[in-house]
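Below: the structure, in structure tokens.
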Amino acid sequence: MSSNFCVAIHGLVYLYHSRSTVSSEELAKHICTNPARVRKVMLMLKKQGLVQTREGKDGGYSCAAKAEEITLRHIAEATEMHFAEGFRTGKGCLGLAEGATALADMAEIDMDCLNASGMAQVMQELYEQMDALCMERLGRITVADLEKRLKNRGKAT
């Protein structure tokens, strides 16, 4: 799993919780990473309209939308997160031919075995379906939901 996704979620939940403009240094301290990493991830979120920035002495980052409207799917898309990576990157295939690095390379392998010659496409479709299911679920979870869970952590239910 990409750490950009985790940093982005942590940052957005913190921004929502603080309800103010927060510097990359302060975010980094609370996310337990470095300010340069925070700036890189916040830029990804800014490009998707999830955070806004303010320059100057009191500058920093704040939520650009209501936390109830920012879903984890939005964050996953902003950070280009894929939950079920496989053949799209060449990972996950034990039968890669020497020199083959991705599905396209595998498609050119001339094999007599029905399973081996068709497995790359079948597995790619499976990975894409799993990724779509993850994204569908993340579309139902908001930054506000996570902040609420954190607030309620430790309370008796």
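Just so it is clear, the values below take in all heavy atoms, side chains as well, and ignore hydrogens, waters and symmetry mates. Bear in mind that the values here come from a model prediction, so they are computed numbers and not experimental data.
In this structure the side chain of K46 reaches within 4.5 angstrom of the side chain of T53, judged on heavy atoms. Side chains of R54 and D58 form a contact here, defined as non-hydrogen atoms less than 4.5 Å apart. Proximity of T33 to V41: side-chain heavy atoms (C-beta onward) are nowhere separated by under 4.5 Å. The shortest side-chain heavy-atom distance between L12 and V51 falls under the 4.5 Å cut-off. Residues V7 and N4 form no side-chain contact, since every pair of their non-hydrogen atoms from C-beta on lies 4.5 Å or further apart. Two residues are said to be in side-chain contact when any heavy atoms from C-beta on lie closer than 4.5 Å; S3 and R37 meet this criterion. No side-chain heavy atom of L150 sits less than 4.5 Å from a side-chain heavy atom of E147.
Q124 and E128 are linked by a side-chain donor-acceptor pair at a separation below 3.5 angstrom, with hydrogens and angles left out of the test. A donor-acceptor pair shorter than 3.5 Å cannot be found between the side chains of R19 and S62.
Atom CD1 of I70 is separated from atom CG of D145 by 12.0 Å, given to the nearest 0.5 angstrom. In this structure, the separation between CZ on R39 and OG on S23 is 9.5 Å, given to the nearest 0.5 Å. Taken to the nearest 0.5 Å, the CG atom of L50 stands 11.0 Å off from the CD atom of E69. For the atom pair H10 NE2 and L15 CG, the distance stands at 10.0 Å (nearest 0.5 Å). For the atom pair K40 NZ and N34 CG, the distance stands at 10.5 Å (nearest 0.5 Å).
Here E25 does not pair with K29 in a salt bridge; the nearest charged N to carboxylate O distance is not below 4.0 Å.
Placement of M81 and L133 in two distinct hydrophobic clusters is found when ILVMFWY residues are connected by side-chain heavy-atom separations under 4.5 Å, directly or transitively. One hydrophobic cluster, built from ILVMFWY side chains closer than 4.5 Å, cannot hold both M44 and I9; they sit in different ones. Cluster membership for I31 and L43, using ILVMFWY side-chain heavy atoms within less than 4.5 angstrom, is not shared.
Judged by distance alone, with hydrogens and angles left aside, the side-chain atoms of H74 form a donor-acceptor pair with the main-chain N or O of T71 at under 3.5 Å. With hydrogens and angles disregarded, no donor-acceptor distance shorter than 3.5 Å links the side chain of D131 to the backbone of Y127.
Outside the 6.0 Å centre-distance limit, the rings of Y14 and Y61 are not counted as a close aromatic pair.
Enclosure of atom NE2 in H17 is not indicated, since only 12 or fewer non-hydrogen atoms of other residues, nucleotides or ligands lie within 6.0 angstrom.
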